[in-house]
Amino acid sequence: MPIQLSNLSKNYGQGAVVADVNLEIPSGELTALLGPSGSGKTTVLKMIGGIEKPTTGRIVIEGRDVTDVDARYRDIGYCFQAYAPFRHMSVAKNVGFGLSVRGTAKKEIRQRVGELLELVRLSDKANRYPAQLSGGERQRMALARALAIEPQVLLLDEPFGALDAVVRSELRSWLKELHQRLHVTTILVTHDQEEAMDLAETLVVMHQGRIEQVGRPLEVYDQPVNSFVQSFLGPTTLFDGVTIRPHDLVVSPSGPDVVTNIDDLGFEIRIAVTRASGEQTWVQLSRPEFLDTKIASGDAVSVSRR
Amino acid sequence: MVTSVNETPAVSTSPPTVRSRRLRRVVSTVTAGGLLSTYLSIIVILPVVATIATGVGASPDTTSGSWWPGDWVWHSNFSAFVDAIGAPAAWHAIWLSVWLSLLAASVNTVMGALIAWVLVRDRFRGQKFIESFVDIPFALPTIVAGVVFIYLYGPASPVHVNLFEAWTGLFVALLFVSLPFSVRTIQPVLVAMDRDVEHAARTLGASPWRVTRSVIIPSLVSPALAGFGLAFARCVGEFGSISLIGGGIARTTTASTYIYNLTQGFLWQGAAAVSTILLLISVTVLTGATWFAASFHDRRAL
C-alpha cells in the first residue's frame, strides 16, 4: 500500500504554500520531490511527517489515515535538513533515542545501535558527540537514528544540501545502495535535478505549491509537460524557435552560422552560436566531440539537430 | 623578498618589509596588551588588591625612599583580620548572605527559564510590554526598590503582607534584583535553538514531556548555570534594598549591610576583611558556574 495525498493544501496567512496536491507514492520505492526553493516540497514532506498540519486534505499511509495523528505515532523516520542532532548525546545515544523512548530493553538497544552504526559505517564513532563529526558523518548518524525505529516511511529533506561536492556524490551512491538493500519507502526532497535523476525511481516536479509532473526520471526528462519542467530538469536552448536540449544539437564546420563564444568547462563544452536568422542558440558537446570538430570562436559553422 | 615561514602574508598593495611588519606586531601587542592590562588593573585588579591588603592590615614602611613597593617594609595585622571575620555577627551575616543568595539565584534560574521560554515561544498581546518589564530591576536603583518594598511589604502594607525585618523580605528583594540575569542568559539560547531538533525527537516517538526533559532542558543547562552564577554574585552584592527592608536589626543583617555598619564605626580593616571573604565566595561561585557551563558546552557546541 502506498502513501496517498489527496487535496493536500497548506496556507500561511493568505498565501498558499502547497495548493491542492494529489499524489500517490509507491511503496518500497525512492520518490524525489524536486523543485526550486519555495515550491512547497519541504512543506509537503513536513505534512507527511506530521510536523506541519495541513490546512485541508488527507494523508493516508499504508491504508491508515494519519492526517490527525501526532508525529510520534506516525511511524516515520525523518532526516532533517541540518540533521538536527541531539548535541548533548553521544552518537550511540542519538541513534538509540527512538528505541529508548519506546522503552526497549537496554541490551536490545545496544545491539540494534551496534548494527545500525555498522550499517552507516560509524561504528568507531559511537562515543563521539555530534560536534566531533563531519557533515557527512552527521548525516549518516541522522539516517541511522531515523532507521532505528524501523519506520514504514523514510523522509529525507535535502539530505546532501550542506555537503561539499566529493562527500555529496559519495553519500549519494551509498544512499542508493542502502535503499536497494532495505527497500524502505523513501521520499527525498531536493532542488538538485541531477541528484533526483540519479536516485529516484519516481520523480515529482513541484513549482509554486503545485505538482507539475510525475513520472519515471527519464520519462520526465524526455517528455516534459511544460517549459518549466523542461528547463528545471536540464539546460535548454532555442532552435528554429523550438525549445530543445543543447546536447541534441551538433555543430559542423563551415556554414551560415557564426560561433560567438566557447565556454570550456572540462568535460562539457558550451558553444554559443549566432545563426544566419539572427537566433542565438548554444550547443553542448563533450570534450572528445569538441576536439573532433576543431572549431574556434569566430568560425563559420552550421548547427543542426542530431 | 624575504619572508619567514610562520608569517601570513599581509593584505596590502605594497608588501611590507620584515622589519616594518615586526614593528607593527610589537606596537599592536604593546597597545592592545597595555591598554587591556592598564584598564583592568585600574578598574578591577587595584580595588581587589587594595581590599585584600586593607583586610589583612598591610601597611608599608616607605622610609627607604624607593618607589617600588617590593623595596618597602610591610607590616601586617593578620590577627585583626582573623578577629574581624571570626566574630559571630560576621559569620551570621556572611552565612545569611550566602544561603539567601543561593536560594534566590536557584528560584530565579528556574523562573527565569520559564519566563524566557514564554517570551520566546509564545505569542500574545502585550508581549513587548512584558518583555521590557524584565529589565526593570537593572534600571531601577535598588534603594528605590527598597523604598517600594518597605511600603508594599512593610508594617503599613496595603496588601497586609508584612515582611519587614524578616528574611522573607530580604528574599523577595533578592528575587527582584536578580531576575533579569537568568532570563537574559537563557533567552538568546532559546531563540537560536533549532526547532527541528524537537521535531526529530517527536518523530522518533517522544512525548512532549520527554522532548522537554531529553532535548530542551539539557541544552539550557549551560546558559542557566551562567545565569545562576551572575544572579548569585548580584545577590551577594546587594545592599540598597535589603538594608532597608531588613530594618537594621542583627537577625536580618546580611554581609553587605554588616560591612556598611563596620564602616560607619570607622572599622576599616574589619570591613575590608569581611569584604575579602565575600569577594572570595562570589568569585568562587561565579567562576565555578562559568567553568561548569563552559565544560558542558565545549564538546557539544557545533
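Numbered from 1 within each chain, the chains take letters A, B, ... in sequence-line order.
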Practice task
Answer with side chain, backbone, both or neither: which region of Arg74(A) has an atom nearer than 4.5 Å to a non-hydrogen atom of chain B?
Solution key: neither
Handout entry: Phe124(B) atom CZ, over 12 foreign heavy atoms within 6.0 Å
Key = yes
Exercise for the section: Tabulate, in ascending numerical order, the residues of residues 193-220 of chain B having at least one heavy atom closer than 4.5 Å to a heavy atom of chain A, or enter 'none'. Expected result: Asp194(B), Asp196(B), Val197(B), His199(B), Ala200(B), Ala201(B), Arg202(B), Thr203(B), Leu204(B), Gly205(B), Ala206(B), Ser207(B), Pro208(B), Arg210(B), Ser214(B), Val215(B), Pro218(B)
Problem - Trp99(B) atom CH2: more than 12 heavy-atom contacts under 6.0 Å - result: yes
Problem - Top contributor to chain B interface from Tyr83(A), Tyr78(A), Tyr73(A), Phe80(A) [non-hydrogen pairs under 4.5 Å] - result: Phe80(A)
Handout entry: Heavy atoms of other groups near Tyr12(A) OH, more than 12 under 6.0 Å
Key = yes
Handout entry: Arg145(A) portion near chain B, given a 4.5 angstrom heavy-atom threshold
Key = both
Problem - Under 4.5 Å from a heavy atom of chain B, the part of Ile76(A) involved - result: backbone
